[in-house]
Amino acid sequence: MAHAPDQSSLEHFTRLLQHKLPEACRAEVQTLDAAGVAREEPALAGRFGGGLFLSSEGQLANDQWMAALATQIDRLGVTWHEGVAVEKLEDGRITCANGTTHAVDIAVDARGPGSQSQWPQVRGVRGEVLRVECPGVSLQRPVRLMHPRYALYVAPRPNHQFVVGATELESEDTGPVTLRSMLELGSALHSLHPAFGEARVLRISAALRPALDDHRPAVLQRDGVWHINGLYRHGYLCAPAVVDELAQKLLAA
Ligand SMILES: Cc1cc2nc3c(=O)[nH]c(=O)nc-3n(C[C@H](O)[C@H](O)[C@H](O)COP(=O)(O)OP(=O)(O)OC[C@H]3O[C@@H](n4cnc5c(N)ncnc54)[C@H](O)[C@@H]3O)c2cc1C
């Protein structure tokens with residue numbers, strides 16, 4: 001969706017998407033008129049003259065996904081070492097900050113921005129999100145809003161909750177969310193639907209995304225250690241593909 005001043009950004013984004021997608025997928029990018037917006041997202045009826053609809057776009061609730069992964073990992077009988085900082089990974093050995101070492105067949109460094117000591121090109125990019133509860137509005141899917149500075153989205157969660165994200169700042173500061181970011185996320189949300197003005201703020205949080213210069217994920221081996229890093233804004237989206245890539249490389253090694 002785009003408000004009138006950001007309409008040209010939406011047109012540019014549409015052209016970019018059509019250019020980047022394989023031809024077979026282009027039909028999934030549908031331009032909606034006002035009636036189409038009302039059909040797909042009834043809560044936004046009458047608020048936008050049009051929008052872009054990606055019919056096959058998926059979504060997941062990341063907190064539920066993490067919990068499900070933990071359950072599955074437990075089922076597989078994995079031994080967790082929680083709250084233990086890893087200081088160094090070497091071929092066949094992991095050394096922890098508390099001095100313990102673990103002999104391993106394969107060491108995979110997936111510490112995100114925490115890998116900088118072994119991969120200096122990895123940097124952290126700060127992102128901030130807002131979680132609200134608003135019984136007055138229902139969305140069917142994550143709605144993205146064109147914005148001159150950030151790729152903003154409002155993602156519905158169970159129990160009338162919504163996640164509003166995310167700012168993108170070239171900073172490795174992990175401190176609390178700033179007032180400016182809170183205002184920007186809040187006003188973007190309110191501009192989507194005025195009923196969000198009554199939303200209850202449940203949580204505001206900031207974190208770092210691990211990024212490489214080209215903003216693409218990388219799976220590679222250096223000095224006998226495997227690395228997965230650079231997932232940037234798309235870790236949930238890309239994780240299955242990068243883990244598959246690692247598995248293929250390990251099988252081929
Ligand atoms: C605000 C925000 C919104 C986002 N929204 C989306 C989204 O909508 N969709 C999407 O696909 N992605 C999104 N992302 C991106 C996604 O969160 C990241 O791509 C993903 O978390 C990267 O995963 P990772 O495991 O590689 O790194 P990280 O998530 O950084 O995880 C690294 C882990 O390693 C641990 N660690 C670090 N150093 C050490 C050490 N020395 N010893 C032991 N452990 C260590 C850390 O504690 C952490 O648990 C968002 C990110 C942010 C910040």
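Read the numbers this way: they start at 1 and go in the same order the structure lists the ligands and their atoms. On a predicted model such as this, the values are computed, not experimentally measured, just so you know.
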Using a 4.0 Å cutoff against the non-hydrogen atoms of Gly127, which atoms of ligand 1 qualify?
1 (C)
Should the heavy atoms of other residues, nucleotides or ligands under 6.0 Å from CZ of Arg131 be counted, would the total exceed 12?
yes
the protein heavy atom lying closest to atom 26 (O) of ligand 1 turns out to be Leu231 CD1, 3.3 Å
Does Asp6 reach the main-chain N or O of Ser9 with its side chain, forming a donor-acceptor pair under 3.5 Å?
no
So which protein heavy atom does atom 30 (O) of ligand 1 come closest to, and at what separation?
Pro113 CD, 3.4 Å
Under 4.0 Å from atom 47 (O) of ligand 1, is there at least one protein heavy atom?
no
Short N or O distance, Arg209 and ligand 1, threshold 3.5 Å exclusive:
no
Linking I/L/V/M/F/W/Y whenever their side-chain heavy atoms sit closer than 4.5 Å, directly or via other members, would Leu89 and Val104 fall into one cluster?
yes
Who's closest to atom 27 (O) of ligand 1 heavy-atom-wise, of Ala211, Ala97, Gly235, Pro210?
Pro210
Ligand 1 and Gly114, any nitrogen or oxygen pair closer than 3.5 angstrom?
no
Can you name the closest pair of heavy atoms from Leu152 and Ala188 and give their distance?
CD1-CB, 3.5 Å
Asn98: what forms a side-chain contact (heavy atoms from CB on, under 4.5 Å) with it, not counting sequence neighbours?
Val84, Cys96, Thr100
Nearest non-hydrogen protein atom, atom 41 (N) of ligand 1
Val86 O, 2.9 Å
Within-shell test, Ala110 vs ligand 1, heavy atom, strictly < 4.0 Å:
yes
Residues, nucleotides or ligands: over 12 heavy atoms within 6.0 Å of Arg93 CZ:
no
Under 4.0 Å, heavy atoms only, figure out whether ligand 1 is touched by the backbone of Arg233, its side chain, both or neither.
backbone
Mark up the atoms of ligand 1 that fall under 4.0 Å of a heavy atom belonging to Tyr232, in ascending order.
15 (C), 16 (C), 18 (C), 19 (O)
Any residue meeting side-chain hydrogen bond (donor to acceptor under 3.5 Å, both in side chains) with Ser191, in chain and number order, not counting sequence neighbours:
His3
Over 12 non-hydrogen atoms of neighbours within 6.0 angstrom of CZ in Arg216:
no
Quick test: of every protein heavy atom, which one is nearest to atom 11 (O) of ligand 1, and how far off is it to 0.1 Å?
Tyr236 N, 2.9 Å
Pick one of side chain, backbone, both or neither for how Asn62 approaches ligand 1, counting any non-hydrogen atom pair under 4.0 Å.
neither
Are Tyr232 and His215 near enough that their ring centres are under 6.0 Å apart?
yes
Which of the atoms in ligand 1, numbered in the order shown and given with their element, are less than 4.0 Å from a heavy-atom of Val129?
1 (C)
Identify the two heavy atoms, one from Phe162 and one from Pro156, that lie closest to each other, and give their separation to 0.1 Å.
CD2-CA, 3.8 Å
With a 6.0 Å cut-off (strictly less than), is the heavy-atom count around CD of Glu23, excluding the residue itself, greater than 12?
no
Considering the heavy atoms of Ala207, write down every atom of ligand 1 situated less than 4.0 Å from one of them.
53 (C)
So for Thr167, does at least one of its heavy atoms come nearer than 4.0 angstrom to any atom of ligand 1?
no
Report the member of His81, His234, Arg111, Lys88 with the shortest heavy-atom distance to atom 32 (C) of ligand 1.
Arg111
When you look at CG of Asp214, are more than 12 heavy atoms from neighbouring residues, nucleotides or ligands closer to it than 6.0 Å?
yes
Any non-hydrogen protein atom below 4.0 Å of atom 21 (O) of ligand 1?
no
Hey, is Tyr153 touching ligand 1 through its side chain, its backbone, both or neither, going by heavy atoms under 4.0 Å?
side chain
Taking distance alone, with N or O pairs closer than 3.5 Å, would you say Leu237 contacts ligand 1?
yes
